[in-house]
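No hydrogens, no waters, no symmetry mates; every other heavy atom, side chains included, goes into these values. Here is the naming used below: chain letters follow the sequence lines, and residue numbers restart at 1 for every chain.
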There are 2 protein chains.
Amino acid sequence: MPGTIIPVLDIEKTHVIIQNMKVSEIGEFGLINRLTAIIAKRQVTNSASNKLEIGIGDDAAVWRNADRLALTTTDCLVQDVHFKLEDTSWYALGWKALAINLSDIAAMGGIAEYALITLGLPPNCDVGDIEELYRGLLDLAQHHNVVLAGGNISTSATLFIDVALTGSAGTQLLKRNNAKTGDLIAITGYPGMAAAGLRLISGDNTPCIADAPMRQAFWQPNPRLKEGSAILSAGAHAAIDISDGLIADMKHICYASKVSADINLSKLPIHPTLKEFFGTEALHLALGGGEDYELLFTAESSVMSRIIDNISIPVNVIGTIEPPSKHIVRLLNSDRSEYKPSITGWDHFAK
Amino acid sequence: MPGTIIPVLDIEKTHVIIQNMKVSEIGEFGLINRLTAIIAKRQVTNSASNKLEIGIGDDAAVWRNADRLALTTTDCLVQDVHFKLEDTSWYALGWKALAINLSDIAAMGGIAEYALITLGLPPNCDVGDIEELYRGLLDLAQHHNVVLAGGNISTSATLFIDVALTGSAGTQLLKRNNAKTGDLIAITGYPGMAAAGLRLISGDNTPCIADAPMRQAFWQPNPRLKEGSAILSAGAHAAIDISDGLIADMKHICYASKVSADINLSKLPIHPTLKEFFGTEALHLALGGGEDYELLFTAESSVMSRIIDNISIPVNVIGTIEPPSKHIVRLLNSDRSEYKPSITGWDHFAK
């Protein structure tokens, strides 16, 4: 996801206070806020900037071409941050590196088109492993009709795979900042599965058939491109993928749209396997676990019914968009009492 | 530069022979050849692939939009490969990360438009340093009217900066594969300056005013966008930037265009500072040194005269395009005897 922004009221003031701080102390979103402020002051004004529809702050950057909107996103997998080589197959690495980018295009309702792949490779990598990585990439690319159009290879002590992906859309897009009070909130699939998969992969558990859906959700997520298109064309208001975790990404929509959200925990779809393996912890994984590439979206009630009818994977209405409020996202038990979780989302640099 | 290709006649055969090899053993171009072969077999056929004008194998990927050609390139700087933190300023890092991408658009005669920045940052990075990096990026972006449209930040043990840059052009582009027998070969600026700069930076020399142009060529290269546009609109046939080194990039043009090249060493522009600091070695640096972002291009004689008149920086004719030949690139002394250098170019993985 390129540059998620959480608004900060007084960037300049913040700027002075946190001079000489480490990136780890202000976190990913804190750093993005500061850089966004610097960029905003220095942005050029020309025909390109006039055509820019969405810059930093949504799933992809968007500008107008003559006939369509152009979307571009970039996202990477870094060794020992997003994966450990001993826990993954090279095929899965290639698949996931493309999947996380496809998901950004899906979250805007766009069509994915061209991918450029940057590989940072330790020189002792096996050529066969890199080819396997490309097989994973190509299998997913083929499935979603994406053309591998170029890239770049460098040595690097830390293995990384960075993908730049372009796409297009007509005149309309799903954005984060368009949720309306009264909208229903829905989610595709089952949140928390990837976080559960990561927990299993990082632990000492021997893989088994029963836990495969969770490991698969982590390593080979299915970006929801078809569903994103259907959600857009039905007339939904806002969407995001839940790569930062359900609550964190719900907050991104709320901040950007200047609304709040009520989530009914009893409506939250918990996959039976998640419940079986993680018991009472399943709810925490579903709410806070990142790296899921399901879509979270909002739409009027009548539109929501059409969407649910038209999408073949499970879609569950889990709450409502409410007027702006201090609490931003409120989690409600079935008796409408408030539930306060401890985990809320994923930040690369937060301690 | 995305995926430079040196044609290999029998990829399949090569494939069998080098199974279980390390990336360092086949080198950057060997790996790219193999991946290109795998990708070619699996490429999708759809409206996006039909619009693809240039895929892997030139400076940028190119596809047709309704009214213009769209260009996209990606290139990165990796710690301890392209830079050492103790030898650089953060400002220069940001500048150079964008410059190397701008140069790919320049080499095709395109107009640069939108940049997406991926940062892989060790958590102990200073926030102020990252902001300084962005100041370098923004100064160069502003100079070339480029809009910073998004990006992505991750932790990484190895610092890296990856830029994805888009641009556009009318219906024509400068390509590598269009040099014609009889063309004159010319170069902008002075080759070897960046390699000399790197030598000074890596050594124990105290920086001085006299060696500044070489250090500057390494850390703050000026991508030749204006010159690329002028070269294209005058009607030149082929162009490339010399980021891999003059001879290596001349070979890229020759392979792609199925021609050979004669370079007259007496015509090679050697910067006085380069000669002063490196004596007889200056020639080797000019021929083999990488990381220069000057343009090497070919054009008919009458076109070449127009180009030289219209470009304000030095342009020197250094040779001629000849019919296909075994020697590919021939270096000629002033008496037309052949000169054989030991260094020919830059390969990330070659030992």
Side-chain angles (χ1 to χ4, degrees), chain A residues 2-3 19-24 26 28 31-32 35 38-39 42 44 46 48-49 52 55-56 61 63 65-67 72 74-76 78 80-81 113-114 116 118 120-121 123-128 131 134 138 142 145 147-158 160 162 164 166 348-349, chain B residues 2-3 19-24 26 28 31-32 35 38-39 42 44 46 48-49 52 55-56 61 63 65-67 72 74-76 78 80-81 113-114 116 118 120-121 123-128 131 134 138 142 145 147-158 160 162 164 166 348-349:
Chain A
Q19 208 54 272
N20 297 320
M21 274 210 169
K22 300 292 180 192
V23 168
S24 57
I26 64 167
E28 179 186 3
L31 180 60
I32 290 170
L35 295 178
I38 294 172
I39 293 165
R42 295 284 306 278
V44 297
N46 59 12
S49 70
L52 190 69
I56 300 164
W63 53 87
N65 278 331
D67 56 341
T72 307
T74 180
D75 211 344
C76 63
V78 179
D80 296 331
V81 177
E113 292 178 337
Y114 304 95
L116 278 80
T118 300
L121 301 178
N124 66 349
C125 275
D126 266 338
V127 173
E131 293 180 346
Y134 258 82
L138 283 160
Q142 209 161 22
N145 266 315
V147 178
L148 262 60
N152 179 53
I153 298 178
S154 169
T155 32
S156 171
T158 304
F160 67 86
D162 192 17
T166 74
H348 273 156
F349 296 96
Chain B
Q19 208 54 269
N20 296 321
M21 274 211 169
K22 299 293 178 191
V23 168
S24 57
I26 64 167
E28 180 185 2
L31 180 60
I32 290 171
L35 295 178
I38 293 173
I39 293 165
R42 295 284 305 278
V44 296
N46 60 11
S49 70
L52 190 69
I56 299 164
W63 53 90
N65 278 331
D67 55 342
T72 306
T74 180
D75 212 344
C76 63
V78 179
D80 296 331
V81 177
E113 293 178 334
Y114 304 95
L116 279 79
T118 299
L121 301 178
N124 66 348
C125 274
D126 265 338
V127 173
E131 293 180 347
Y134 258 82
L138 282 161
Q142 209 160 22
N145 267 315
V147 178
L148 262 62
N152 179 54
I153 298 177
S154 170
T155 31
S156 170
T158 305
F160 66 88
D162 193 17
T166 73
H348 272 157
F349 296 97

Counting only non-hydrogen atoms closer than 4.5 Å, does A/Asn46 touch chain B with its backbone (N, CA, C, O), its side chain (CB onward), both, or neither? side chain
Between atom CD of B/Glu113 and atom OG1 of B/Thr166, what is the distance when rounded to the nearest 0.5 Å? 5.5 Å
Contact leader toward chain A among B/Asp67, B/Asp126, B/Asn124, B/Leu52, where contacts are heavy-atom pairs under 4.5 Å: B/Asp126
CG-CG distance between A/Leu121 and B/Leu31, expressed to the nearest 0.5 angstrom: 6.5 Å
Engaged part of B/Leu35 at the chain A interface, taking heavy atoms whose separation is under 4.5 Å: side chain
Which region of A/Val147, side chain (C-beta onward) or backbone (N, CA, C, O), has a non-hydrogen atom less than 4.5 Å from a non-hydrogen atom of chain B, or is it both or neither? both
Interatomic spacing from CG in B/Leu148 to CG in B/Leu138 - rounded to 0.5 Å: 5.5 Å
Please determine, among B/Cys76, B/Gly120, B/Ala164, the option with the most heavy-atom pairs under 4.5 Å with chain A. B/Cys76
Do we see a donor-acceptor contact under 3.5 Å between the side chains of B/Thr158 and B/Asp80? no
Taking atom types as modelled, find out whether B/Thr74 and A/Asn152 have a side-chain donor-acceptor pair closer than 3.5 angstrom. no
Residue A/Asn65 versus chain B: region with a heavy atom under 4.5 Å: side chain
